[in-house]
Structures are given as structure tokens and as C-alpha cells.
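Structure first, then comments.
Reminder, nothing fancy here: chain letters follow the sequence lines and each chain counts from 1.
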Protein chains: 2
Amino acid sequence: MHTHSTSRISLPSHSLQPILPTVFDPTPLQPVSFFPAGSEIYAQGERAGAFYQVEFGAVRVYRLLADGRRQISAFHLAGETFGFEADTTHHFFAEAINATGVRVFRFATGADISRQLLPLALKGLTRAQEHLLVLGRQNAIERVAAFLVDMAERQGGLQQVELPMSRMDIGDYLGLTIETVSRVFTRLKDKGVIRLLNLRSIEITKHDALHAMSE
Amino acid sequence: MHTHSTSRISLPSHSLQPILPTVFDPTPLQPVSFFPAGSEIYAQGERAGAFYQVEFGAVRVYRLLADGRRQISAFHLAGETFGFEADTTHHFFAEAINATGVRVFRFATGADISRQLLPLALKGLTRAQEHLLVLGRQNAIERVAAFLVDMAERQGGLQQVELPMSRMDIGDYLGLTIETVSRVFTRLKDKGVIRLLNLRSIEITKHDALHAMSE
DNA sequence: CAGGAAAATTGAGGTAAATCAAGCTGCTTC
DNA sequence: GAAGCAGCTTGATTTACCTCAATTTTCCTG
């Protein structure tokens, strides 16, 4: 059951600016649902019948092992889409990391959205495959560096990068413990590659060095 | 450049049985290309304009780091499809593991194949995301167990499982060294969970135990 | 602006898997 | 069917990261 199912509130969509180029022109504008920090968007095993676009905030998509080990397969920031499945069942959990607005596109029965969905699915596939290289073959510094470079790129390539997620989330995304993530942050700081502005935002002071570390 | 570009030979397609349900009925039957063991099907950076279905043999899809570390993101067996990309460039390498026949479906300009391609892309996405959990959060025994269970399922769930790839390939798929893969095989054999019939085929003697180990 | 809890950092020690180093096995080739 | 070699297995040792534990910092809440 949804621990947080009562926390979803539909907002009038006109109150939000269409900041992002509307990718789905033929579709009538969908309402935006609001999810408080930590609330569930969907759960593994639930019936799938929609896909989602982040309006603001951030989302983590993950899987669990029986003993509680967690692997976050992806973070989704404003403008990004997620939630498509190969069949009618969700194979993962999705949660709002912070207060998050999500536009929900329900599949109208019989409607053919494959033209719209394919490029998004392919983008997701490439991302997942690239992340496999990080998890399978890179060490802790390389993983964190790759993560920071990726986050920077997705935020427009600016020096200052916001990290909406906790160290625990970062660890569960990179296949590391929070302690190792923390130690790597400290090492990067000591090397002068990054500055820790506060817990949830860093400044990349040596972008080339960081990029080199990510291989 | 293709190291092995001259080794591709087009075979008359009628010489091969349509063992598999033809997924792409509207498309005229495509010719089958033959790739010898170890030959390249496509390379990272090459222009993409087709997707591929394995007729017989096996394929590895992988990425390399600058220092030669390799991550195999997927193996593809008879009947499986691969090679779709988010843009017009290949982001990975694909090689025949053994003598392999591949049906190549070139994208006719303007043709809309998204309806056919989307389910395949989504299936690949789910597979990749599930593999992220293995690489990020499972130990060596769990990884090998999950790999063997997966290979068994893809070969019809029989006790005897063919492993068309080398220990090196398995290691590069599971994020382990060949030594660790070998040691885990030995441990599984000593526990009576599997039997090593020969280097490239095993028998799963305790399927439930193996499944439990894969979590 | 306390006071308290959660999150993050830092340190010490342990361990799973990597690395280094021999051997062994099972192909291919003549 | 012997020689040669690549692929695999086994053993000894090292190491990167994890685990356990103690602070410290940050962020709530009143």
C-alpha cells in the first residue's frame, strides 16, 4: 500500500509556467501532482499506466533487495521524464526527494504514444547503460566525479551545482556507503577540485580536473 | 575503422529457418549477415541506422574506459534484439562472441518503426536497470548466481545452460575479475548447486538454491 | 536562539575482492 | 598425437572499501 498516498494533491496546471518546451504537443495539458519530500510516486508491483515529467523538485527511482539493500537506478530533475515500463507493472519504486511537482501523462486507451515515448526510452536506456560502466568498473573517486560532472551538465554546466539528494541517496546511486561518499567529497575538497558551499550544493572549481577523474 | 569489416558476409536469408516468431511482419524480410567469432558488428562513434536481431550465436555489447577497463552492458542470444540508439551515433561496441548470424533492420528514411521498437527499448531499459542493482549492491556469489539464473531463463529454463562467452566476458559483465568468477564457479560446484559439464556449459542441479543466492 | 535530532564527517579496524604469481586444461595445428 | 598456447583454476598477498564507533555539523521546532 502507499504509505503516502494521501499526500498527493492535484494542482491547477495553469498556476505553473511552462518553463520547459512542451514535448507532447498533441496531448492536452495534464494536471500537475504535488508530492511532499519523501513521498511515494509509485511502488514496485503497482499497475503502470502513465509516465511522468518533473516540473520542479527531484525524484529517485530505485529497487530493493529483500534485506533492505537499495540501488537507485536514476535521479530525475526538472524537465526530465520517467516511469515508462515494458509491461503494465511497475518494476521500481519512485519517490519525491524534495517537494516535487510531477506532470502525469496517463495513457489514453488505444492511443499511440510510441512516437513520443521512444526517444525518451532510448535516452533512458543509454543513461542506464553508461551508469553500468560506472558501477561495474570505476572506483570510488571516479564514481563521485562522474556523478558530479553529470549533475553539473544536467544543470546547464554552471560552476555551482545543487545536490537535491542526501549522501545516502548518492551512495545508493553509486554503489558506495555514505562514509565513502563523504570521504571522497573531503578528498576532492582538499585537492581544490570542488568547494562544499553547504551540504546540498557544491562549486566545481577545477572542472577539467574533475572531468579527468571521471575518466 | 572496422578491424573486421571484411568478415561480414551476407547469407541468403531463405537458408535459415524462421525459428523465432517474426516480430516485424510489415517489414520485408531482411538479409542475415554472418560474423565470425570476435568480429565487430559496430563500434562506438559509428553512425547508427539500424537495429539487429540475433539469428544464431551470441553478441556482447560493451564500453571501454581509456585505460582498457571494459564493461559489458549486455549479452544477446538467439532471438534477442539490440543496437538501437538515442541519436544517430553508436555509444557502444558490439561484437560477435562466436560465429553469429544477425538480421539487420535498416531504418528506411521516414519510416515510423517506433511502434515496433518501443517495446524492445523498454525491455532493454528494464534489463539494464535490473543489472544496475546487481552491480551496485550484490556481492560476487549473488552476481554469478543472478547471471546463471538469467541465462537459464533465457534458454527456456532447462537444467543445462550454455555459456557462449568466456570467463573474461562474464567478469566484464558482472564487474568482477576472471579469478573471482572462477572461484565462485568452484564454490557453487563444491556446494553441489551446479555442475561444470565443460568450460562452456553448466548444469544447474539445485535451481532453488541458486535462485535464493541471487536474492 | 536554545535544545535536540538527524545527517554528515572522521577515525580505527576488518574483509571481500583485486592483484600478483604459478600451474593446469583443453583447444588448435601440423 | 605431440607441441604450443590461450583460457582457466588455484594459491598467497595486498588493498580499496565496508563496518563499527564516536564526534561534529546542520537543520528543525518551539
Sugar-phosphate only, base, or nothing, as touched by A:G175 at under 4.0 Å among non-hydrogen atoms: sugar-phosphate

Length of the CD1-C1' vector between B:I194 and D:dT9, whole Å: 14 Å

Sugar-phosphate, base or nothing in reach of B:N198, heavy atoms under 4.0 Å: nothing

Atom-pair distance (CD1 on A:I178; P on D:dA21), nearest Å: 15 Å

Check against side chain to side chain contact (heavy atoms under 4.5 Å, CB included), A:R143 and A:Y173: CA-CA 10 Å; A:R143 292 182 199 204; A:Y173 177 66; over 6 Å; no

Carboxylate-amine/guanidinium proximity below 4.0 Å for A:E80 and A:R154: yes

5' priority, DNA chain D, between A:I141 and B:E179 [closest heavy atom]: B:E179

Rounded interatomic separation in angstrom, taking CZ from B:R69 and C1' from D:dA16: 13 Å

Sugar-phosphate, base or nothing in reach of B:S166, heavy atoms under 4.0 Å: sugar-phosphate

Polar side-chain atom of A:E142 near backbone of A:N139 as donor-acceptor pair, under 3.5 Å: yes

Options D:dC17, D:dT19, D:dT9, nucleotide nearest the side-chain atoms of A:T177: D:dT19

DNA chain C: 5'-proximal contact among B:L199 and A:R167 (nearest heavy atom): A:R167

Sugar-phosphate only, base, or nothing, as touched by B:R200 at under 4.0 Å among non-hydrogen atoms: sugar-phosphate

Charged N-O contact under 4.0 Å between A:R60 and A:D172: no

Rounded distance (Å) that lies between atom P of D:dG7 and atom CG of B:L196: 18 Å

Nearest-Å distance for atom pair CZ/P, residues A:R183 and D:dT19: 11 Å

Atom-pair distance (CZ on A:R137; P on D:dA16), nearest Å: 16 Å

Side-chain donor/acceptor contact of B:R187 with base of D:dT10 under 3.5 Å: no

Rounded distance (Å) that lies between atom P of D:dT19 and atom CG of A:D67: 11 Å

Lys/Arg-Asp/Glu bridge criterion (N-O < 4.0 Å) met for B:E215, A:R69: yes

Parallel, tilted or perpendicular: ring planes of B:H90 versus B:Y42, cut at 30 and 60 degrees: parallel

Net bend of the helix from C:dC1-D:dG30 to C:dC30-D:dG1, end axes of five pairs each, nearest 10 degrees: 60°

Check ion pair B:D67-A:R137 (N to O, under 4.0 angstrom): no

Nucleotides bounding contact with chain B, strand DNA chain C, heavy-atom threshold 4.0 Å: C:dA17 to C:dC20

Side-chain donor/acceptor of B:T126 to backbone N/O of B:L122, under 3.5 Å: yes

Interatomic distance, B:L133 atom CG to A:Q71 atom CD [nearest 0.5 angstrom]: 6.0 Å

Short side-chain to backbone donor-acceptor contact, B:R63 and B:Q44, under 3.5 Å: no

Whichever of B:L176 and A:K189 has its nearest DNA chain C nucleotide further upstream toward 5': A:K189

